[in-house]
Amino acid sequence: MKDFNLSIYNTLSRKKEKYEPIIPGHTGLYVCGPTVYGDAHLGHARPAITFDLLYRYLKHSGFKVRYVRNITDVGHLVNDADDGEDKIAKKARLEELEPMQVVQYYTNRYHKNMEQLNVLNPDIEPHASGHIIEQIEMIKQILDAGLAYEVNGSVYFDVKKYNEKHHYGKLSGRVLDDLLNTTRTLDGQEEKRNPVDFALWKKAGKEHIMRWPSPWSDGFPGWHLECSVMSTKYLGEKFDIHGGGMDLMFPHHECEIAQNVAATGNEPVKYWMHNNMITINGQKMGKSLGNFINLDEFFKGEHKLLDRSYTAMNIRFFILMAHYRSPLDFSNEALQAAEKGMKKLLNAAESLEKLQANGDVSTEDITAWKNKCYEAINDDLNTPILIAHLFDAVRMINSISEGKMKISESDLELLRNTFNAFVFDVLGLEKELSDSKGDQVVDGLMELILEMRMNARKNKDWGTSDAIRDKLNELSIKVKDGKEGSSWSIE
RNA sequence: GGUCACGUGGCCGAGCGGUUAGGCAGAGGUCUGCAAAACCUUGUACAGCGGUUCGAAUCCGCUCGUGACCUCCA
């Protein structure tokens, strides 16, 4: 843990702060997961990868991390008139499915996409629908505190009253008076005392199929409640890091804080982290805007905006090339540039494996390089800088293998350990192998073919050697002639 | 309308008071039977206008432009 010196930009203070966990050596991490009513799109990949990076770096540094990422499968309304339809239920009705069938279907598909992106599984993945009892309990606590009120079987959070003693808007920088003046009047809000009040429990209409009994009515919990309840249940009343997309800052995360403070008296989160959005032609990519591209569409190249298909690793690297708090604009050019850069990095990783020490003293300072890498990741997970340093290492690796740079035994080991740790363990990149079953056979065949080609070259039979290379090229196998023999790769 | 961000070379994208970001593309070279790869060299950018400063992409003000949130959203 000696290289670990992380500072995190805390949305709460709008400053970078040194990361000091509540319990030394441990970290409780909660991230808002998907609402499972549709396939994951590029926008979903960003928080998943951002907080996967954080999770990986903490684990790499020796932390014991409990990572909780929820599945929202109830209570998330189509619009916030608060009598809107539940997203899951709507999808279920459209497709004539049992709601939990929809939930399971999209949860499975989400998991598959995450695996493709090499996003590690969280330690706990709770479902909102599995925590109705706890949610009812928290509503009772908030009612007991006098900060919620019941109307016709529904329970609302009394924002104005809460704001008398606490600051509603502290996370997102809102002022309640402004909110009261600027919040649009929506239909179905006549039950609320103030338009800023939000639902904790909603009485279900007659055709509402997802419903649970409660002291107030047969109904369902409000969306903001699940995260308050599940984070408290699994991480405690005060935990270290809460992450999510910037668009969730208000009202979702603001409401979470209010609910926790109202129910337990505790400020729940020490560090709030928010990733920025992915844009497409400068505009936010989102389900409601209809301009999103599903991850599967990327993998298959099936979308009118895509020139061709892109691998999951390509997308992962593309996302890591930008800082998580900067907006990132999608384009085919940017994706293809990222792909080439990533290949360069992974090729270097491969040649690093075969590298031999070639001197007693190294001509470059590997320890200084390693320190720069840690400095970058420690600085609020600055992956673009980290990647720039990794490209420095690529240059060194290639120079060593060409004999233009000297490296000692111990420095080579340091370079190898550090490079691999960052590329594979922390950034979570992986070589995309086809199916490993056939690989051994392919390797054998390729060795044979290249040997035959080498013989032809020795005999200056350029016709044969070029024909072999061209034919392989047609099969997307690229042959490179190096100093000590030829190598090949599938493009 | 309110609140808050942002505007960097052909493209993507860091930096946020003084010294090369990096990647992709481009140009020249080395190597090679040729090719590819690799390596070396190369570009001198920070929306505009003012101001602060010995010195500003970097701080302040104004103007223009873009976006986010204020309603479900990763």
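This is a predicted model, so every value here is computed, not measured. Every chain is numbered from 1, with letters handed out A, B, ... down the list of sequences.
Residues A:His323 and A:Asp380 meet the side-chain proximity criterion, which asks for heavy atoms closer than 4.5 Å. Considering only heavy atoms from C-beta on, A:Tyr110 stays 4.5 Å or farther from A:Asn113 through its side chain. For the pair A:Val74/A:Ile88, no side-chain contact is recorded, criterion being any heavy-atom separation below 4.5 Å from C-beta on.
Separating the C1' atom of B:G29 from that of B:U63 is a span of 48 Å, rounded to the nearest Å. With C1' as the reference atom, B:U66 and B:A47 are 11 Å apart, rounded to whole Å. Spacing of C1' atoms, B:C31 relative to B:A45, comes out at 33 Å, to the nearest Å. Comparing the C1' positions of B:G15 and B:G9 gives a spacing of 15 Å, expressed to the nearest Å. Atom C1' of B:G13 sits at a distance of 30 Å from the matching atom of B:G50, rounded to the whole Å. For the C1' atom pair drawn from B:G28 and B:G65, the interatomic distance equals 39 Å after rounding to whole Å. Taking the P atoms as reference points, B:A14 lies 43 Å from B:G33, given to the whole Å. Taking atom P on both nucleotides, B:A38 is separated from B:U44 by 25 Å, rounded to a whole Å.
With both pairing distances under 3.5 Å, B:U44 is matched to nothing as a Watson-Crick or G-U wobble pair. Checking B:A21 for Watson-Crick or G-U wobble geometry (two distances, each under 3.5 Å) identifies no partner in any strand. Look at B:G67: its Watson-Crick or wobble partner, with both distances under 3.5 angstrom, is B:C4. Across the strands present, B:C39 finds its partner in B:G29; the criterion is a Watson-Crick or G-U wobble pair with both atom distances under 3.5 angstrom. Judged by Watson-Crick or G-U wobble contacts below 3.5 Å, the nucleotide B:C49 has B:G61 as its partner.
Considering only side-chain N and O atoms, A:Lys284 lies under 4.0 angstrom from the phosphate OP1 or OP2 of B:C69. Under 4.0 angstrom from either OP1 or OP2 of B:C24 there lies at least one side-chain N or O belonging to A:Lys344. In this model, the phosphate group of B:C6 is not approached by any side-chain N or O of A:Arg325 to a distance below 4.0 Å at OP1 or OP2. Between B:G13 and A:Ser326, no contact under 4.0 Å exists linking OP1 or OP2 to a side-chain N or O. The phosphate of B:A74 (OP1 or OP2) has no side-chain N or O of A:Asn275 nearer than 4.0 angstrom. For B:A25, one of the phosphate oxygens OP1 or OP2 lies less than 4.0 angstrom from a side-chain nitrogen or oxygen of A:Lys340. OP1 or OP2 of B:G15 lies within a sub-4.0 Å distance of a side-chain N or O belonging to A:Asn382.
Protein atom CD of A:Glu364 is 10 Å distant from nucleotide atom P of B:C40, rounded to whole Å. Atoms CD (A:Glu474) and P (B:A35) sit 20 Å apart, rounded to a whole Å. Atom NZ in A:Lys372 sits roughly 11 Å away from atom C1' in B:U20 (whole-Å rounding). Computed from coordinates, the A:Leu386 CG to B:G13 P distance equals 18 Å when rounded to whole Å. Atom CD of A:Glu402 and atom C1' of B:A37 are 9 Å apart (whole Å). Atom P of nucleotide B:C12 and atom CZ of A:Phe317 are separated by 17 Å, given to the nearest angstrom. A straight line from CD of A:Glu375 to C1' of B:G15 spans 13 Å, rounded to a whole angstrom.
Using a cut-off of 4.0 Å between Lys/Arg side-chain N and Asp/Glu carboxylate O, A:Arg453 and A:Asp481 are scored as salt-bridged. Salt-bridge formation is detected for the pair A:Asp52/A:Arg316: a Lys NZ or Arg NE/NH1/NH2 atom is positioned less than 4.0 Å from an Asp or Glu carboxylate oxygen.
Exactly one of A:Leu450, A:Leu472, A:Ile449 qualifies for a side chain to side chain contact (heavy atoms under 4.5 Å, CB included) with A:Trp488. That residue is A:Leu450.
A:Met246 comes within contact range of no nucleotide atom at all, as no heavy-atom separation falls under 4.0 Å. Using a 4.0 Å heavy-atom distance criterion, A:Asn347 is classed as making no nucleic acid contact. Looking at heavy-atom distances under 4.0 Å, A:Ala388 makes contact with a base. Contacts of A:His41 with the nucleic acid, taken as non-hydrogen atoms under 4.0 Å apart, include base atoms. The residue A:Leu328 sits close only to the backbone: its heavy atoms come under 4.0 Å of sugar-phosphate atoms, none of a base.
A donor and an acceptor atom sit less than 3.5 Å apart, one in the side chain of A:Arg469 and one in the base of B:A35. Donor-acceptor pairing under 3.5 Å, judged by distance alone, is absent between the side chain of A:Arg14 and the base of B:C4. Within 3.5 Å, a donor on the side chain of A:Asp481 pairs with an acceptor on the base of B:C34, or the reverse. Judged by distance alone with a 3.5 Å cut-off, no donor-acceptor contact links the side chain of A:Asp392 to the base of B:G22.
Between A:Phe318 and A:Ala337, it is A:Phe318 whose nearest contact on RNA chain B lies nearer the 5' terminus.
B:G23 has no base stacking with the ring of A:Phe391 when judged by centroids under 5.5 angstrom apart and an interplanar angle below 30°.
At least one donor-acceptor pair closer than 3.5 Å links the side chain of A:Asp461 to the backbone N or O of A:Thr464.
Side chains of A:Asn5 and A:Lys18: a donor on one and an acceptor on the other come within 3.5 Å.
Against the 90° criterion about 0, the sugar-base torsion of B:A27 places it in the anti range.
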